[in-house]
Amino acid sequence: MRQLARRRASRVAPRVHSTYSWHRGVSLFKMGREHKGGKILQTPSAGAGVRAASLRDLSAGIRGRFVLASIAGSRESERTRKIRGRDPGFRKFLYSMESKQRLAFHSEKGTGMAMQRNFGEVPRKACSFPEPGKPTPLRGCVPSKLVPFSVPIDRGLKFQMGGKEYQGSSSQSSPDPESCPSLFRYITSKSVAGFDVTPSPRGDPAFAEVPEATDDDIQAQTLCTPSLSMPIEMIGPHHAHSISISMPTTPSAFHEEHSKAVLENENGVAYPTGRQTHHPISSTAGLLQQKQAKFHSQPLPIGNSHTNMPPDTKLDHLVRPQQMPRNSRFKDKRYDSFKTWSGKLERQISSLRGKPQEPEEANDSKSTKPEAVPADRFFDALEGPELDKLKASEELVLPEDKKWPFLLRFPVSSFGMCLGVSSQAILWKTLATSPSTSFLHISPTVNLVLWCISLALMGIVSAVYVLKIIFYFEAIRREYYHPIRVNFFFAPWIACLFLAIGMPPSVAATLHAALWYVLMAPIFFLELKIYGQWMSGGQRRLSKVANPSNHLSIVGNFVGALLGASMGLKEGPIFFYAVGLAHYTVLFVTLYQRLPTNETLPRDLHPVFFLFVAAPSVACMAWAKITGDFGYGSKIAYFIALFLYASLAVRINFFRGFRFSLAWWAYTFPMTGAAIATIRYSTDVKNIFTQTLSVALSVISTIAVAALLASTVIHAFVLRDLFANDIAIAISSKMAKSSTKDDGRILASSSDTADVEATVDGHLLPVLSGEPMI
Amino acid sequence: MLSAFMEGKEHQLPIATTTTATSAKAQTKGLDAVVAMKALSKLGGFHAGYFRISLSLCGQALLWKTLSEPTTDSRALRLVVRLLPSTTYVLLWSVALAVLVALCFLYALRCFLRFRCVKAEFSHHVGVNYLFAPWISWLLLLQSIPAFLHPGAALYRVLWWVFSVPILMLDVKIYGQWFTEGKKFLSMVANPTSQITVIGNLVCARAAARMGWEEIATCMFSLGMAHYLVLFVTLYQRFVGCNSLPAMLRPVFFLFIAAPSMASLAWDSISGSFGTGSKMLFFLSLFLFASLVSRPALFKRSMRRFNVAWWAYSFPLTVLALAATEYAQEVEGGVSNALMLGLAVLSVLVTVALIVFTAIKAGDVLPHGNDPFAPPCSP
């Protein structure tokens, strides 16, 4: 059911372009002019002539460009138009009011609204518009639902402003001199409850009054006034009605029999309008329909609730559920989809307290309940070397301009800090114990202090992350599906391995072998998952996801081999070393190839490239431990690491200008690893050069960590943006609905062509498809 | 008990396979023209992929020979193997030989009568790799030969040359294609079956090392490993080749296991001991095995209907069990022995299950008339 509804919605929604209705209206009126004289515009009685379409669902990408497609066009407004056309001052005034109103809607962020007229049937006498009398197919503009315009102050005037929008463009040429616009006579603040249609039963006579003689004028004006037929009745003084019209979701269904029009006066009495009237049912029917279509917009609350509220509250009530979801009242619901328990508990509690549950909310939270986000969505929606920036065309499922709960902002890459600090502990342990650096007389206390710090840090970060697992499991899931982020799931285990390696001799001389198995088990299973994805293909195959941060998934093997070999194990370290070496070869070649299909490979240099150094420098130490001496194999790996380090270091200038992120901590441990490997090498080849090199590299890595610590402190306590909103986990699982159909097509095709098979198959290898079974 | 069970199952083998083979033979030699035409059309569909059967059986023969070798101290499984009469192993070997001979005969017939099909197969990116399979089978059979032919014997060496030269020629052809020919460069044609080419080299190297030809063995080993490295990286990158593999052929993903296992065996034979290099290769194949086993969804589509591609499961498992046996000889301990036992039992069970399936559903296995490499060679 939900699937179906979504399909419907996605089929329909992209076709709507909010500016379309305007042009459509214009062209309709052009047509109408050609038919002048002969045809009679058939308009339904009184107020049912207006369709107001909330394009909220479609508005996400069109933020700000909403269109008031059509309101007004009544006789009265015709007359006033003529007047206004003559009176520049008045025009100016109206124009300024209109722009104010526009501003107001803009500030409410991005809700497109369109009101369409309904070309229904109307008594002949009622209307003399020269208009082809057929019901408008309204193809291309499929309003999902009516959103009432709520005009808080001076509503009548503002309503007229709505009508004025067209007037503003058309009035220059209107020649008809007339007296004061009748408009003002009819407007009272009471009459326009919401921007809704508020027809008065007496409206028809007003229609009938209008002589056909003004047709030419009308046409001249309506040329630029796409909507109309919603005359003064709306602003009738005596009976204020709010109307709610639910629009069908498909163009084909856009006919009166499907539309639901409700006229209500302020006492909640329903007047039949058009063909069908649903009074009490209407809102529920609208809700039902909304549920089916999964629109985010809310049904129009019915009249009773209007009257009980002061106008401002009314506005809020009407508009906020759709337009201002980040209102504090709805804040909690927005995060529900990421919560482990989805806030059901709180809802139950609130219902126990007798608080009525608003169906919209339940509906809303249900509709935003995320599914598994496919990998290509991450590529489509995000950009940047760490795939953590949102593309302009995309929208988030969480509020963008507001700080999320801390746990949601706490990424798994925070474990990078543990990596950086614990590797420093290893470095200082090596400095203190290695014979080649004994001339420095480093105290083992430094190691102890650093180790304690990293242990505490590890405890804190793990505790927070466990809390995140408990409370926001969906966020963890999305991090796990993120093609880059998933590599950071190795970080906690690698950090634990670092802690075990860097353990001060004063704390424990030897470790139990079971610890190694415990730490390597999760790494092993993560590798089964990640490498299996590389091998068996799909969206996360290596030629697509290859990124330097994949080194994190490799380096765990070597660190584990190093720890295991230093603990005296034999076969286990070789196992992980072999697996790591094989996959390191694959990754190394793939990264060097810089395949065009590698969407996540940073174009420019980025600190993430330092991870290149990590694997060979750790591998050389691990191999030395496995074989027992720093032989040729170790030296080869070490020199590879040194070369990569040097080739990155000479390009240090390119590393400027990137936004600091917590993940940078993970990029310092390769430097530390290279320093440790150099110390290890200098114990084997002991001369002044190697000793200088080891000291220099140690100093560099320490400085890097210190600088990173400083910037972390600055970001945490001064700028207070250390934990910014974690955009990467909040992308919507579908294509942004706001894009027009064409846009959607382009996006889809671009994601298709990003596929290797699609392009290469088509161009180079047409033969290979359609393989017979052999 | 288990051994008795296995023995019983092994006895089914001649019945099952020879009946199918003889029936096919009988058909081809039938005097009736219709029958002959039918047989001929079936012959068109008899592609080299059927050598998967002989690969598995010859691998099993080698495994059983290795298990029954008295070179090292007896382990649990080896004890069981010893309890079997030695004729069991000889019987298995002769059955493998019979099946291989029958398959070779059929394929030779196909070469003569349906040469266009063979040519089409040769230019096919999956089919060409299975042209290695008969020679690999022969080499495996040669290594597992019963005691009457010693590796030092002249006949043994002649046979090695006879079976190795075609592999070398195919190597030159295919590896040359990979980096020279415009349409068949590696990223286009790479698919898991390409690893059979590497396995061919490694089997050659192992047989040569067994004969004491160190240089030739090292040469073949380095040739194989260099291309294995390239192939491994390419396969992991998942270009077109892998994706052009039909779902039915997914079982050949198990060849990912076979290549490093065979490399570890070859390096074991060359270096004389199951050293670190061999261990690393063995562990790599063990990891890949775990990786493949942990995603059964990959093979779900191919498991719907029995077909000859299922035989691709057996051979890699057998080679892995062989490597595990060598590993258990080197590293003595409960874990390595359990590993050997588990893998050997698994490979035997899989082979037996495949034999049973083949016996039951012979109709599914036999070629269905037309040649799979249809476009250029439909008669």
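Computed from a predicted model, the values in this text were never measured in an experiment.
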Review point. Do Phe575(A) and Phe282(B) have side chains that get closer than 4.5 Å, going by heavy atoms?
Key: no
Point to revise | Residue among Arg295(B), Arg250(B), Lys279(B) with most heavy-atom pairs under 4.5 Å to chain A | key: Arg295(B)
Review point. Hey, what do you get for CE (Met280(B)) to CD1 (Ile626(A)), rounding to the nearest 0.5 Å?
Key: 7.0 Å
**Study point:** Within-4.5 Å side-chain heavy-atom neighbours: Leu528(A) and Phe287(B)
**Key:** yes
Check your understanding: Above 12 or not: heavy atoms from other molecules or residues under 6.0 Å from CZ of Phe639(A)?
Key -> yes
Practice item. Could you grab the distance from atom NE2 of His583(A) to atom CG of Leu284(B), nearest 0.5 Å is fine? Key: 6.5 Å
Check your understanding: Within a strict 4.5 Å, meaning less than it, do heavy atoms of the Trp623(A) and Thr276(B) side chains meet?
Key -> yes
Practice item. Let me know if Leu581(A) has heavy atoms under 4.5 Å from chain B in its side chain, its backbone, both or neither. Key: side chain
Review point. Do the non-hydrogen side-chain atoms of Phe283(B) and Ile574(A) ever get within less than 4.5 Å of each other?
Key: yes
Practice item. Find the distance between OG (Ser291(B)) and CD (Gln533(A)) and round it off to the nearest 0.5 Å. Key: 10.0 Å
**Study point:** Side chain to side chain, Leu229(B) and Thr585(A), heavy atoms closer than 4.5 Å
**Key:** yes
Review point. Do other residues, nucleotides or ligands put more than 12 heavy atoms under 6.0 Å from Phe306(B) CZ?
Key: yes
Exercise for review: Return yes when atom CH2 of Trp493(A) has more than 12 non-hydrogen atoms of other residues, nucleotides or ligands closer than 6.0 Å, and no otherwise.
Suggested key: no
Practice item. Take Phe232(B) and Val586(A), measure what side-chain contact (heavy atoms from CB on, under 4.5 Å) needs, and give me the verdict at the end. Key: CA-CA 7 Å; Phe232(B) 187 69; Val586(A) 173; 3.4 Å; yes
Review point. Which heavy atom in Gln237(B) sits nearest to a heavy atom in Val589(A), and how many Å separate them?
Key: NE2-C, 4.2 Å
